[in-house]
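One structure is given below, encoded as structure tokens.
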Amino acid sequence: MARVRYGARTDAEIARARTARSELPDIWSTGVVAVWESDPDAVAAVLPPPLKPTERPLVRAAISKVDLPGYPLGAGSVAVAAVHDGHEGWYPLVMPMTHERALIGGREVFGEPKKLGEVTVERDGPVVRAALVRHGIAFVEVRGTVGEQLPLPEPAEKLDFYFKFLPAADGEGFDADPVLIHCIRHEKVRELERISGDVVLRESVYDPVADLPVHRLIDLTIGEKTSDQRGRVVERVSAEGLLPYIHQRYDDPQQIHDGPPQGSVR
């Protein structure tokens, strides 16, 4: 009988997949990163408990492209500074990805708020334009001119916070208590340049980052970097405390409360 492709994988096939994943070479991306001070009340308002705001109400937009052979990838994020149990890091609100493969793993393994979208990083000589686009709206756009070369930072450890959960099958809350993930990235940078420019936030009902206005631009750079990441569950969190925030993950918040309609087609 021919191989039934939906059938169970063998132990050897599973082992080969794990080995291939652990032996991936460094993958370098070219990206624009903008950090700005925003409204402290707005930053505090988007943080689910037990995350708390840091002393400075910072927002970070990262817009990158990865020239994978035969599989170019655009990846972006908009995150706010946060602290948990004495650890400072970033809480991403939206992470547009240009391909489903990059979206699925991050959402299912770490609970990353990834969504399909368009990600653009363009450079013509010193002129740079980068954008995050969904539903035809460039809700974040960076425009500027490359200036001086910057000293390369030492390899660093970065921390992101994610909430991993499953909406309940009956449409009421969650199937189990959500968990808070600490995702640690080890980042190396091989090129870094300053940009003189600005960040434009456009109104979008799907990605309302315009609620986090640019009060003061702190840093704007373009560079090449690579990183790996490892996540771990640090605690189970209150379902009641997280429920008012899970609309952040979806374009249509009703889809997480309604449950499947009677007689729906499978």
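Index from 1, following the sequence. The structure displayed is predicted, hence computed values, not measured ones.
Open room surrounds CZ on Arg5; 12 or fewer heavy atoms of other groups in view lie less than 6.0 Å from it. By the 6.0 Å contact criterion, CZ on Arg9 is open, its count of non-hydrogen atoms from other residues, nucleotides or ligands being 12 or less. In this structure, Glu13 places its CD atom where more than 12 heavy-atom neighbours from other residues, nucleotides or ligands lie under 6.0 Å away. A 6.0 Å sphere centred on CD of Glu154 holds no more than 12 heavy atoms belonging to other residues, nucleotides or ligands.
Note on Leu93 and Trp90: separate hydrophobic clusters, where clusters join Ile, Leu, Val, Met, Phe, Trp and Tyr whose side-chain heavy atoms are under 4.5 Å apart, directly or indirectly. Put simply, Val133 and Met97 are part of two different groups of oily side chains (I, L, V, M, F, W, Y) that touch within less than 4.5 Å, one to the next. Taken together through direct or relayed side-chain contacts under 4.5 Å among Ile, Leu, Val, Met, Phe, Trp and Tyr, Val209 and Val214 form part of one hydrophobic cluster. A continuous path of hydrophobic side-chain contacts links Leu217 to Leu201 [ILVMFWY only; heavy atoms under 4.5 Å]. Linking ILVMFWY residues whenever their side-chain heavy atoms come closer than 4.5 Å, directly or via other members, leaves Val33 and Val59 in distinct clusters.
Contact annotation: the side chain of Arg107 approaches that of Arg249 to within less than 4.5 Å [non-hydrogen atoms, C-beta and beyond]. Between Arg194 and Gln149, the closest side-chain pair of non-hydrogen atoms is not below 4.5 Å. Using a 4.5 Å heavy-atom cutoff, the side chains of Leu58 and Val80 are not in contact. Annotation: side chain of Val200 is not in contact with side chain of Val140 (no heavy-atom distance under 4.5 Å). Using a 4.5 Å heavy-atom cutoff, the side chains of Glu37 and Ile218 are in contact. In this structure, the side chains of Ile222 and Val146 come closer than 4.5 Å at one or more pairs of heavy atoms. A heavy-atom distance below 4.5 Å is found between the side chains of Val234 and His84. By the 4.5 Å heavy-atom criterion applied to side chains, Val32 and Val128 are counted as neighbours.
The line from OG of Ser77 to CG of Asp160 is 7.0 Å long, rounded to the nearest 0.5 Å. From Ser38, atom OG reaches atom CZ of Arg56 across 12.5 Å, with rounding to the nearest 0.5 Å. In this structure, OH in Tyr206 is found 7.5 Å from CD1 in Ile137, a value given to the nearest 0.5 Å. In this structure, CZ in Phe110 is found 8.5 Å from CD1 in Ile181, a value given to the nearest 0.5 Å. Taken to the nearest 0.5 Å, the CG atom of Leu132 stands 4.5 Å off from the CZ atom of Phe139. Note that CG of Leu51 and NE2 of His87 are 12.5 Å apart. Values are rounded to the nearest 0.5 Å.
Of the possible polar contacts, one joining the Asp39 side chain to the Ala42 backbone as a donor-acceptor pair under 3.5 Å is found. Panel note: side chain Thr120, backbone Ala130; no donor-acceptor pair is recorded below 3.5 Å. A side-chain donor-acceptor contact under 3.5 Å links Asp175 to the backbone of Ala169.
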Practice problem: Give the intermediate values and the outcome of side-chain contact (heavy atoms from CB on, under 4.5 Å) for residues Val46 and Gln248. | Solution: CA-CA 9 Å; Val46 303; Gln248 296 172 344; 4.1 Å; yes
Practice problem: Any chance you could lay out the salt bridge (Lys or Arg N to Asp or Glu O under 4.0 Å) test for Glu118 and Arg134, step after step, and finish with the verdict? | Solution: CA-CA 6 Å; Glu118 300 172 46; Arg134 298 186 68 250; over 6 Å; no
Self-check item: His135 vs Asp207, side-chain hydrogen bond (donor to acceptor under 3.5 Å, both in side chains): CA-CA, chis, key distance, verdict
Solution: CA-CA 10 Å; His135 301 284; Asp207 305 289; 5.6 Å; no
Exercise. Start with the C-alpha distance between Glu141 and Val199, add both sets of side-chain angles, then the distance that settles side-chain contact (heavy atoms from CB on, under 4.5 Å), and finish with yes or no.
Key: CA-CA 6 Å; Glu141 183 177 1; Val199 177; over 6 Å; no
Practice problem: Evaluate side-chain contact (heavy atoms from CB on, under 4.5 Å) for Phe174 paired with Leu166, printing each intermediate quantity in order. | Solution: CA-CA 6 Å; Phe174 303 104; Leu166 284 174; over 6 Å; no
Quiz prompt | salt bridge (Lys or Arg N to Asp or Glu O under 4.0 Å) assessment of Arg185 paired with Glu157 | solution = CA-CA 6 Å; Arg185 289 184 171 83; Glu157 188 174 279; over 6 Å; no
Practice problem: Decide side-chain contact (heavy atoms from CB on, under 4.5 Å) for Leu180 and Phe163; before the verdict, give the C-alpha distance in whole Å, the side-chain angles of both, and the deciding distance to 0.1 Å. | Solution: CA-CA 5 Å; Leu180 175 61; Phe163 291 94; 3.8 Å; yes
Practice problem: Using the salt bridge (Lys or Arg N to Asp or Glu O under 4.0 Å) rule, take Arg60 and Asp219 through it: C-alpha gap first, then chi angles, then the decisive distance, then the call. | Solution: CA-CA 9 Å; Arg60 181 192 67 190; Asp219 201 26; over 6 Å; no
Practice problem: Tell me, with the steps shown, if Lys115 and Asp251 meet salt bridge (Lys or Arg N to Asp or Glu O under 4.0 Å). | Solution: CA-CA 9 Å; Lys115 299 177 179 179; Asp251 285 352; 3.1 Å; yes
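A salt bridge does not link Glu235 to Lys164: none of the charged nitrogens lies less than 4.0 Å from a carboxylate oxygen. Here Lys65 does not pair with Glu122 in a salt bridge; the nearest charged N to carboxylate O distance is not below 4.0 Å.
Among all heavy-atom pairs drawn from Leu212 and Trp36, the shortest one is O-NE1, 3.1 Å. Across all their heavy atoms, Phe165 and Ile246 have their closest contact at CZ-CG2, 3.6 Å. The two atoms that bring Gly74 and Thr98 nearest to each other are N-OG1, 2.8 Å, heavy atoms only. Contact detail for Val66 and Ser29: the closest heavy-atom pair is CG2-CB, 3.6 Å. Closest approach of Glu100 to Leu116, counting heavy atoms only: N-CD2, 3.8 Å. The minimum heavy-atom distance linking Phe161 with Pro92 is given by the pair O-CD, 3.5 Å.
A donor and an acceptor atom, one from each side chain of His186 and Gln229, are nowhere located under 3.5 Å apart.
Each of Met95, Glu112, Lys114 was compared with Leu103 under the side-chain contact (heavy atoms from CB on, under 4.5 Å) criterion, and only Lys114 meets it.
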